[in-house]
Amino acid sequence: MVMKTATRMLMAALILASGCYTEPPFAPDFPVGEVEGYKPVYAKDEQLPVAFVAGRPLVHPGKIYSVSKYLLINEKYQGIHVFDNSDPTHPRALGFLQLAGNTEMAVRNNVLYADHLTDLVALDVSDWTNVRELSRLKQEHWAQQVPPRQGRYFECPDDTQGIVIGWEMTLLNNPKCFR
Amino acid sequence: MSTRILFMLCVVVAGLAAFSCQDGSDGTSADGLTGKGGSMARFAVTATHLFAVEDDALKVYQIMGNGALEKINAFQLNPGVETIFARDHWLYLGTVDAMITYDITTPANPVYVSSYSHFVACDPVVVQDTLAFVTLRTYGCRPSSTNQLEIINIKNPQQPVMVSSYSLNSPYGLGVDGDLLFVCEGESGLTVLNVKDPMNVKLIKRYDENDAYDVIPNDGTLIMTGKDGVAQYDYTDADAIRKLSLIPVAP
């Protein structure tokens, strides 16, 4: 009887182990000097709320989206540049939608769907200067304390620098974290 | 008599089914209410639903009357999903090693239709009529792959078949409009191809653009992101594409 239970437990452990570690866990050596890996992108408290503010220059443009007369340009992990593109020879900057952590967007019927922090938000943008939040869904898998892909070194998040709103690939110096 | 009634009933039901199919085919809607993203998008929006892909998941949200979202379904997928594209009642997912097609006639329950496998590479997909265009790009950790465009006949969604392939330098995002296919090739600029005859793709021109990354062709105006910023071009004359403006990246 005891034997049987032990066998079962062993079986369960084996199944669990195979599920958790499809690849053998790899224990890296620290320190490692200069190595490619993920670095956290932080946001300060004042950058966290959704806000439509004055236009600013493009720094790290991400994805683009065209809807009716508007051209939207993502600024990686910061928000969305909004242009009036009625005349493509002279796109006119209307402002910047502060949306910390943002990389994705789509629009339907004057509603902008976008990622904000670790949430998926629906924003009524029929009037950009008066953006209204229609819904906000938490995305448990968008947890930001660890980088998006496994098998990489990363700079350990430092709470004192703000909250982590994204990760960028870069050269790290002696990273102390690995996933 | 009863057979006749049954027959009539069948006709009515068939008619309804045909109608509902037509409703479903309005997925991407040409009503001007839905915008257009680049080929690297992870969100696809239809008249009623938002589909979002993460590295290893497909999520379905219903758009409520006022525009708010409600999550209604989620599917675990193999890791490596990079892009999503919706057309009519089909969803096309670009993953690191395949183009996966889903039927979204019932949007809450996307039905897996087929998977078109290729080399492991980075590969956005765009679709026009019965053809899908996929670009494959090699990079560091995926050395066995190739740099090319693959044109796939998807007339039978269950059985996607490659029509032809075309060698490229380093394709990233792409966009199609009529006979024209625009392929961003990073440092190699923007490549414009004529795909009128998919068996015989012709190079129209390569334009030197700085790190072309993704495009949206929109009714004669091309919006392109690159290292210098977001540029727009007039492509009404494919042989003489003309730059209209540039929203520059801060120096």
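In what follows, chains are A, B, ... by sequence order, proteins preceding strands, each numbered from 1.
Between the side chain of A:Tyr38 and the backbone N or O of A:Arg152 there is no donor-acceptor pair closer than 3.5 Å. Side-chain atoms of B:Tyr61 never come within 3.5 Å of backbone atoms of A:Leu120 as a donor-acceptor pair (strictly under, hydrogens ignored). Checking side-chain atoms of B:Lys227 against main-chain N and O of B:Val249 turns up no donor-acceptor pair under 3.5 Å. Side-chain N or O atoms of A:Gln98 include one that pairs as donor or acceptor with a backbone N or O of A:Gln47 at under 3.5 Å. The closest donor-acceptor contact from the side chain of B:Asn66 to the backbone of B:Ala68 lies under 3.5 Å.
Closest approach of B:Ala132 to B:Val125, counting heavy atoms only: CB-CG2, 4.3 Å.
A:Asn102 and A:His116 share no donor-acceptor pair across their side chains, judged by distance under 3.5 Å alone.
When the heavy atoms of residues 49-62 of chain A are compared with those of chain B, the residues falling under 4.5 Å are A:Pro57, A:Leu58, A:Val59, A:Pro61, A:Gly62, listed by number. Listed in order of number, the residues of residues 76-85 of chain A that approach chain B to under 4.5 Å between heavy atoms are A:Phe83, A:Asn85.
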Start with the C-alpha distance between B:Ile223 and B:Val230, add both sets of side-chain angles, then the distance that settles side chain to side chain contact (heavy atoms under 4.5 Å, CB included), and finish with yes or no. CA-CA 7 Å; B:Ile223 308 171; B:Val230 177; 3.7 Å; yes
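When heavy atoms are compared at a cutoff of 4.5 Å, B:Leu69 approaches chain A by way of both its backbone and its side chain. In this structure, chain B has a heavy atom under 4.5 Å from the side chain of A:Leu71, while its backbone stays farther away. For a residue to count as touching a neighbouring chain, one of its non-hydrogen atoms must lie under 4.5 Å from one of that chain's; by this rule A:Ile73 touches chain B with the side chain only. Looking at B:Pro248, only its backbone comes within 4.5 Å of chain A, counting heavy atoms on both sides.
Ranking B:Ile63, B:Thr221, B:Leu246, B:Asp56 against chain A, the residue ahead of the rest is B:Ile63, based on heavy-atom pairs under 4.5 Å. When the candidates B:Ala57, B:Ala44, B:Ser245, B:Pro79 are compared by the number of heavy-atom contacts under 4.5 Å with chain A, B:Ser245 comes out ahead. If you tally non-hydrogen atom pairs under 4.5 Å between each of A:Thr103, A:Val107, A:Val121 and chain B, the highest count goes to A:Val107. Contact tally against chain B (heavy-atom pairs below 4.5 Å) for A:Pro91, A:Ala122, A:Ala93, A:Pro88: the top residue is A:Pro88. Highest contact tally toward chain A, considering only B:Ile216, B:Ile247, B:Thr225, is held by B:Ile247 [criterion: heavy-atom pairs under 4.5 Å]. Ranking B:Leu244, B:Val215, B:Asp214 against chain A, the residue ahead of the rest is B:Leu244, based on heavy-atom pairs under 4.5 Å.
For the salt bridge (charged side-chain N to carboxylate O under 4.0 Å, His left out) condition, the pairs that include at least one residue of residues 241-251 of chain B, sequence neighbours left out, are B:Glu209-B:Lys243, B:Asp234-B:Arg242.
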Taking only distance into account, with no hydrogens and no angle test, what donor-acceptor pairs under 3.5 Å do side-chain atoms of residues 175-189 of chain B form with protein atoms, sequence neighbours excluded?
from	atom 1	to	atom 2	distance (Å)
B:Asp177	OD2	B:Tyr235	OH	2.4
B:Glu185	OE1	B:Asn169	N	2.7
B:Glu185	OE1	B:Ser170	N	2.8
B:Glu185	OE2	B:Thr191	OG1	2.6
B:Glu185	OE2	B:Arg206	NH2	3.3

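In B:Glu70, the CD atom is not crowded: 12 or fewer heavy atoms of neighbouring residues, nucleotides or ligands sit closer than 6.0 Å.
Using bins of under 30°, 30° to 60° and over 60° for the plane-to-plane angle, the ring pair B:Tyr102/B:Phe75 lands in the tilted bin. Aromatic ring orientation, A:Trp167 versus A:Phe154: perpendicular (interplanar angle above 60°, classes split at 30° and 60°).
A side-chain contact (heavy atoms from CB on, under 4.5 Å) with B:His49 is found for one member of B:Asn73, B:Ile104, B:Ile72 and no other, namely B:Ile72.
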